[in-house]
Amino acid sequence: MSITVTTWSLEQTSPADQRPSAEPGGDLRIVRAELPSPEFSRFLYTAVGGDIQWNDRLGMTYAQWEQELARPGTETWVAYEKGTPAGYVELQAQDGGSVEIVYFGLIPSFRGRRIGGHLLSYGVARAWDLEERWPGLPPTKRVWLHTCSKDGPHAMDNYLRRGFTLFDTKVEEEPEAATPGPWPGAHR
């Protein structure tokens, strides 16, 4: 069995493209995980993407996670609500001044609470000022990401509202797979 998956690639080509979201009320903080931690990053990856079939990193070894997280210009920013991880954005510098938002999302129980727009806005701003924290990297000229039809129903709208524009669309057949969740049986 297979499913049809549409993948959209979006970009900003100037800091002026940013359209920040309003900050949600309550006790929400966004903090950079400055020490690369495969355990913590894998937790975020499975907790956020487990119900929407994020599986490209599930087979990575500990050493591969370490290597990925240690790349210059790779940052993980985590949203905490009342001290509990709610979601994250992972940035990765690429050649020519591009910064990819490699992963972005919220843990399912935190979705629909106006956190996503603020976290995305914050992550985009950190992508535009990445070279300030990484001497030797060129200034950011482009921030880009991709999303797909397996993502949440509000994902594309959030990206467009934050000032991203569409630059590519692909439609592919993928094998149907069970949602891995952070553990079997999660996210009914």
Side-chain angles (χ1 to χ4, degrees), residues 5-34 41 44-45 47-49 51-54 56 71-134 137-171:
V5 177
T6 303
T7 301
W8 299 279
S9 297
L10 300 107
E11 67 183 350
Q12 291 184 2
T13 57
S14 165
D17 293 340
Q18 296 178 80
R19 285 186 262 153
S21 171
E23 290 189 31
D27 181 14
L28 184 75
R29 293 179 300 119
I30 301 172
V31 178
R32 180 177 166 205
E34 293 189 48
S41 289
L44 291 168
Y45 176 84
V48 168
D51 67 327
I52 51 175
Q53 299 180 1
W54 286 6
D56 57 309
R71 290 177 57 171
T74 296
E75 295 182 344
T76 301
W77 291 86
V78 184
Y80 292 89
E81 185 174 28
K82 295 184 179 179
T84 302
Y88 79 114
V89 58
E90 183 178 316
L91 307 175
Q92 191 172 82
Q94 299 174 337
D95 293 338
S98 271
V99 176
E100 181 181 2
I101 297 176
V102 183
Y103 293 100
F104 162 74
L106 299 174
I107 292 172
S109 59
F110 291 90
R111 294 177 189 155
R113 295 164 60 177
R114 309 196 63 78
I115 297 170
H118 178 60
L119 176 58
L120 180 60
S121 297
Y122 195 91
V124 169
R126 297 301 66 79
W128 282 110
D129 64 19
L130 189 70
E131 81 280 355
E132 294 175 16
R133 293 178 303 283
W134 292 89
L137 284 184
T140 302
K141 296 178 184 166
R142 174 180 181 245
V143 177
W144 74 283
L145 58 88
H146 63 268
T147 188
C148 75
S149 54
K150 296 186 293 187
D151 283 344
H154 305 292
M156 179 64 103
D157 186 52
N158 190 18
Y159 297 129
L160 295 172
R161 291 172 62 137
R162 301 293 73 80
F164 283 90
T165 57
L166 182 68
F167 73 87
D168 191 32
T169 302
K170 292 181 183 167
V171 178

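In this chain, numbering begins with 1 at the start of the sequence shown. Computed from a predicted model, the values in this text were never measured in an experiment.
A salt bridge is defined here as a Lys NZ or Arg NE, NH1 or NH2 lying under 4.0 Å from an Asp or Glu carboxylate O, and Arg133 with Glu75 meets this definition.
For Glu11, the side chain to side chain donor-acceptor pair (under 3.5 Å) partners two or more places apart in sequence, or in a different chain, are Arg142. Residues forming a salt bridge (charged side-chain N to carboxylate O under 4.0 Å, His left out) with Glu100 (at least two apart in sequence, or on another chain): none. Here Arg113 pairs with Glu81 under the side chain to side chain donor-acceptor pair (under 3.5 Å) rule; sequence neighbours left out. Not counting sequence neighbours, the partners of Tyr103 by the side chain to side chain contact (heavy atoms under 4.5 Å, CB included) test are Tyr45, Trp54, Asp56, Arg57, Tyr88, Glu90. When the side chain to side chain donor-acceptor pair (under 3.5 Å) test is applied to Arg71, the partners found at least two apart in sequence or on another chain are Gln92.
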Quick one: side chains of residues 143-150, donor-acceptor pairs under 3.5 Å with protein atoms, not counting sequence neighbours, listed by atom name and distance.
residue : atom : partner : partner atom : Å
Trp144  : NE1  : Gln94   : OE1          : 2.9
Thr147  : OG1  : Asp151  : OD2          : 2.5
Ser149  : OG   : Thr6    : N            : 3.0
Lys150  : NZ   : Glu174  : OE1          : 2.9

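A donor-acceptor pair is defined here as one N or O able to donate and one able to accept, closer than 3.5 Å; such a pair exists between the side chain of Thr140 and the backbone of Ala127. Looking only at distances, a side-chain donor or acceptor of Gln12 sits under 3.5 Å from a matching main-chain atom of Arg162. Not a single donor-acceptor pair under 3.5 Å links the side chain of Asp157 to the backbone N or O of His154.
For the pair Ala47 and Ile107, the tightest heavy-atom approach, listed with the atom from each and the gap, is CB-CG1, 3.8 Å. Ala93 approaches Leu130 most closely through the heavy-atom pair CB-CD2, 3.7 Å.
In this structure, Val5 and Thr7 have side chains that are in contact, with non-hydrogen atoms separated by less than 4.5 Å. Looking at Met156 and Asn158, their side chains never come closer than 4.5 Å, going by heavy atoms from C-beta outward. Contact of the Val89 side chain with the Ile30 side chain is not registered, since no non-hydrogen atoms from C-beta on lie closer than 4.5 Å.
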Pair Trp134-Thr74, side-chain contact (heavy atoms from CB on, under 4.5 Å): steps then yes or no: CA-CA 9 Å; Trp134 292 89; Thr74 296; 5.8 Å; no
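Both tests do not hold together for Arg161 against Tyr159: distance to the six-membered ring centre under 6.0 Å, angle to the ring axis within 45°.
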